[in-house]
Amino acid sequence: MDSIRVWDLPVRLFHWLLVLSIVGLFITQELGGNWMEWHKRLGYLVLGLILFRLIWGVIGNQHARFVNFVKGPSSIVQYLRNITNPAAPKWVGHNPMGALSVLAILVVVGFQAITGLFADDDILMSGPYASAVSKEVSDLLTSIHKINSNVIIALAIGHLCAIAFYFFVKHDNLIKPMITGTKSSNDGEFQPVLSENARPIWLSWIAVGIAATITYMVVARPFG
């Protein structure tokens, strides 16, 4: 069995921190009251995580970079045609549908974080930019923020269903590599992997620093 390095530590930490943050956001939303302060903090963390992933998607390791896994319509259609074919090669990183899932999560969750900056529940919680717009705009963005949470739930359910499909139908465990960072396979089971030197860990810290700085500038100093 060959061991193939797939997910680097920054990608894995991003993935699980995002999962925990989203779960925490829904829990604090349901608890309400003073827990809404933690809801805001988790929202800021999510904003920072999304910014980091966007940066790492440009400068990170090969399976983290968008250019290496985001495919066009023809590749997606071809993949769907062979999705149940046991002879079809497995993808080392994100397959074309997985790439769409990643993009959808980044867009929807990022949009949720941005609308939260303008939200105001008229009781305890208001985003740092709620007073920068009119009450009508703030109320509209608050409503969108609440509606979009249902979209996130739908994406999460779809993600779990996809994991179950790949595990039981395609016999491809997607969770384990996101923990260990590696996949094991027989020769030729996966599509060829281009070899490259791994990015130095300090580069990920630079990405973290940039994302954290931008997040701080956005949420802590909204009026300059």
Side-chain angles (χ1 to χ4, degrees), residues 10-11 13-60 64 66 69-70 94 97-163 207-224:
V11 166
L13 286 176
F14 160 79
H15 179 273
W16 295 115
L17 284 174
L18 186 64
V19 170
L20 292 175
S21 297
I22 291 175
V23 171
L25 283 166
F26 278 101
I27 291 175
T28 52
Q29 174 67 37
E30 291 299 317
L31 292 175
N34 293 332
W35 285 101
M36 292 305 294
E37 186 62 32
W38 282 101
H39 187 84
K40 286 176 61 175
R41 294 170 183 172
L42 287 172
Y44 299 157
L45 174 59
V46 166
L47 180 61
L49 287 171
I50 295 296
L51 288 172
F52 165 78
R53 187 63 183 90
L54 293 176
I55 297 170
W56 198 240
V58 175
I59 67 175
F66 299 120
F69 67 82
V70 176
H94 293 300
M97 287 302 296
L100 287 182
S101 176
V102 170
L103 295 179
I105 290 172
L106 291 177
V107 170
V108 173
V109 175
F111 180 71
Q112 185 75 348
I114 292 173
T115 55
L117 298 175
F118 297 88
D120 188 349
D121 65 359
D122 296 320
I123 303 175
L124 292 174
M125 200 279 291
S126 62
Y129 290 89
S131 60
V133 297
S134 66
K135 185 66 168 60
E136 291 76 14
V137 172
S138 179
D139 287 344
L140 174 62
L141 293 174
T142 302
S143 298
I144 294 174
H145 187 75
K146 294 177 180 178
I147 294 171
N148 196 53
S149 64
N150 295 321
V151 179
I152 294 176
I153 292 175
L155 283 176
I157 293 174
H159 191 64
L160 292 175
C161 290
I163 290 173
V208 170
I210 294 173
T213 300
I214 295 175
T215 302
Y216 174 79
M217 293 175 64
V218 169
V219 305
R221 305 180 64 185
F223 301 107

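Count residues from 1 along the sequence.
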> So which pairs with a foot in residues 138-149 pass salt bridge (charged side-chain N to carboxylate O under 4.0 Å, His left out), sequence neighbours left out?
Replying inline: K135-D139
>> Could you report the tightest heavy-atom contact between I50 and L106, atom names first, then the distance?
In response: CD1-CD2, 3.7 Å
>> Can a donor-acceptor pair be found, under 3.5 Å and without considering hydrogens, that links the side chain of H159 to the backbone of S101?
In response: no
> When rounded to the nearest 0.5 angstrom, what is the spacing between CD1 in I152 and CD1 in I147?
Replying inline: 12.5 Å
>> Just so I know, are the side chains of W38 and L31 near enough to count as touching, which here means a heavy-atom distance under 4.5 Å?
In response: no
>> Taking CG in N150 as the centre, count heavy atoms belonging to other residues, nucleotides or ligands within less than 6.0 Å. Is the count above 12?
In response: yes
> Where do N148 and T115 land on the side chain to side chain contact (heavy atoms under 4.5 Å, CB included) test, with the steps shown first?
Replying inline: CA-CA 9 Å; N148 196 53; T115 55; 5.6 Å; no
> What pairs with S138 under side chain to side chain contact (heavy atoms under 4.5 Å, CB included), at least two apart in sequence or on another chain?
Replying inline: D120, A130, V133, T142
> Where is the tightest heavy-atom contact between L25 and G43, given as atom of each residue plus distance?
Replying inline: CD2-N, 3.6 Å
> Side chains of M36 and Q29: closer than 4.5 Å at any heavy-atom pair?
Replying inline: yes
> Quick one: does I210's side chain get under 4.5 Å of F52's, heavy atoms only?
Replying inline: no
>> With a 4.5 Å cut-off on side-chain heavy atoms, are I22 and V109 touching?
In response: yes
> In Å, rounded to the nearest 0.5 Å, how long is the span from CZ of F118 to OG of S131?
Replying inline: 10.5 Å
> So how far is it from M217 CE to I214 CD1, rounded to the nearest 0.5 Å?
Replying inline: 8.0 Å
>> Quick check: do I153 and F26 have side-chain heavy atoms less than 4.5 Å from each other?
In response: yes
>> Can a donor-acceptor pair be found, under 3.5 Å and without considering hydrogens, that links the side chain of R53 to the backbone of A64?
In response: yes
>> Minimum heavy-atom separation for H145 and G116, please, with both atom names.
In response: ND1-N, 3.4 Å
>> Give me the atom names and distance for the closest heavy-atom approach of L117 to Y44.
In response: CD2-CE2, 4.0 Å
> With a 4.5 Å heavy-atom cut-off, do L18 and I105 have their side chains touching?
Replying inline: yes
>> One pair to check against side chain to side chain contact (heavy atoms under 4.5 Å, CB included): L54 and F66. What are the steps and the verdict?
In response: CA-CA 9 Å; L54 293 176; F66 299 120; 4.2 Å; yes
> Short question: side chain of H39, backbone of T28 - any donor-acceptor pair under 3.5 Å?
Replying inline: no
> Would you say the side chain of V46 lies within less than 4.5 Å of the side chain of L42, judging by non-hydrogen atoms?
Replying inline: no
>> Show the nearest heavy-atom pair for residues T215 and A211, with the distance to one decimal.
In response: OG1-O, 2.8 Å
>> Less than 4.5 Å apart, side chain to side chain, heavy atoms only: is that true for L49 and S21?
In response: yes
> So, for I144 and F111, which heavy atoms are closest and what is the spacing to 0.1 Å?
Replying inline: CG2-CE2, 3.4 Å
